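Working notes for the structure below.
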Amino acid sequence: PTSGRVNVHGRINAILELGSGLKPEMTGKDNIKLNLLINGVEQDQKRITQEIIDFADIGEHINQPVKTYSSGMKARLGFGLATVTDPDILIVDEVLAVGDDLFKRKCYARIEKFFKEGKTVIFVSHSAQSVIEFCSRAVLLYDREIIMDDMPKKVTDFYQKIIFSSNNDKILNEVRRQEVPVVKTAKKVSLKKEIEIDDKFYIEGLNIKPTEYMNYDVDIFDVMILNEDGNKVNILETGKKYVYTYKARFLINAIDVGFGMQIKTEKGLKITSSGSVNHGCTIKKAKIGDVFDIKWSFVCVMLEGMYFTNVGITSIIENERVIINRLVDAYVFKVKENFNKYSGLVSLSQQIKINTIND
C-alpha cells in the first residue's frame, strides 16, 4: 500500500491468484509439506496432507511438478492449501471462476463452513450473484476509491447500475450523495410491515421503490402480475398459473428490441430469468411514441416467501446489444404457505410412492 494501515487479528491465508505460493519445480505433495511448515502446522500433518489431496482431487498429478499443472489443477491445490490449514481470515480473489461445477460446489461448501464457524472471508468478485448469496457486507470499489459500504443487495444493485450505465459520473455522484454508513453487522433484508394474507390475492402495502437504470428514453410502467382471471395479484399460490406483465413507451427510435424478466428471492438470489431475444422474439423497429404490452406467462413453482421482480429492455446500438432501460425490484409479491407439504425455494411437485417388498 502507498498509505494506510491494516490491523489483522488472527491467522490469515489467501488465494490471490492461481498457483500463488506454489513452487513450480516441486511436486504438489512437496508443496503441501512446505505450506504446512510455513503455516506452523505441526500436529496431524499426515491427516491434513491427505485431506488436502482429497480436496484437490487431481489423482496421480499430485506427485508431478506444479509447472505441469493446468490452471484448474493449480486452483484446486491452492484452494485446498488455503482452507484446510484452518485460517481465521481467508482472502479469496476470483479463484472460484476456475474449475468445473463440482469443484466450485466444494469450494462454496467450504466457504459456507467458514461462515458457520464465525470466521472471516474476504471475497473479491465481479459476480454480483455470488456476493449476494455468500456475503453479509459488501464494499464497492471503483477507480481505487471505496464508493459504497453497505448490505450486499444494495451494493450489487449500484455495481450493476455502474457497469450497465452510459453515464458513470452521474451514477457515482448518486452513490456519493447517499452518505451510506459502514455496516458493522449483517442485517436481514425484509419489509417492515407484516402482511396478513387470509384469502386475499392482493394486499396494499406490498411495494418497494424500484431502482431504474435508464440509459435511453424508454419508460417502463404498469408492472404487475395477473392471475388466470385477469386480476392484479401480489399474493400467489404454488402451482397456479400467472402472467407477469409490463408496458414500455419509446421516446426514441430503436431497432431489434428485446424484453426481459427476472424473479429473485428477498436476498436477491435469482430464481429464474428469461429474455425475448432467447425466444427469437424481438421488435425489429420501435418508433418514437410506440407503446408495447409485454406478457410473460408462468407457473408459480416458488414456495412460501417474499419475492421481487426485475424488468429489462435491450436494443442494438452501434452493432452491440445494450440495456436501454431496466427496473430492479419492479414488483413485490408473496407466495402463500403450502402447509409444509414442501420446503425450500421451489416445488418440483414431488409425489411419493412406497411399495412393500416381502422376502
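Here the structure is a predicted model, which means the values were calculated and not measured.
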Inset, instruction - Please examine the side chains of Tyr69 and Ile58, heavy atoms only from C-beta on, and report whether any two atoms are closer than 4.5 Å. - result: yes

Legend entry - Distance-only donor-acceptor check, side chains Thr68 and His61, under 3.5 Å: no

Inset, instruction - Determine whether the side chains of Thr245 and Asp293 contain a donor N or O and an acceptor N or O closer than 3.5 Å. - result: yes

Legend entry - Taking every non-hydrogen atom, the tightest pair across Lys153 and Lys264: NZ-NZ, 3.7 Å

Legend entry - Within-4.5 Å side-chain heavy-atom neighbours: Lys119 and Leu90: no

Inset, instruction - Taking the side chain as every heavy atom from C-beta outward, state whether Tyr307 and Thr265 have any pair of such atoms under 4.5 Å apart. - result: yes

Inset, instruction - Specify whether Trp296 and His279 have parallel, tilted or perpendicular ring planes, treating 30° as the upper limit for parallel and 60° as the lower limit for perpendicular. - result: perpendicular

Inset, instruction - Give a yes-or-no answer on whether the side chains of Asp256 and Thr282 include a donor-acceptor pair shorter than 3.5 Å. - result: yes

Inset, instruction - Measure the shortest side-chain to side-chain distance between Lys240 and Asn227 over non-hydrogen atoms and say whether it is less than 4.5 angstrom. - result: no

Legend entry - Output field: ring centroids Tyr244/Phe298 closer than 6.0 Å: no

Inset, instruction - Would you mind reporting whether Ile283 and Asp290 have side-chain heavy atoms less than 4.5 Å apart? - result: no

Inset, instruction - Using the side-chain contact (heavy atoms from CB on, under 4.5 Å) rule, take Gln160 and Tyr213 through it: C-alpha gap first, then chi angles, then the decisive distance, then the call. - result: CA-CA 9 Å; Gln160 292 180 318; Tyr213 300 5; 4.2 Å; yes

Legend entry - Gap between atom CD1 of Ile203 and atom CD1 of Ile235 - 0.5 Å precision: 5.0 Å

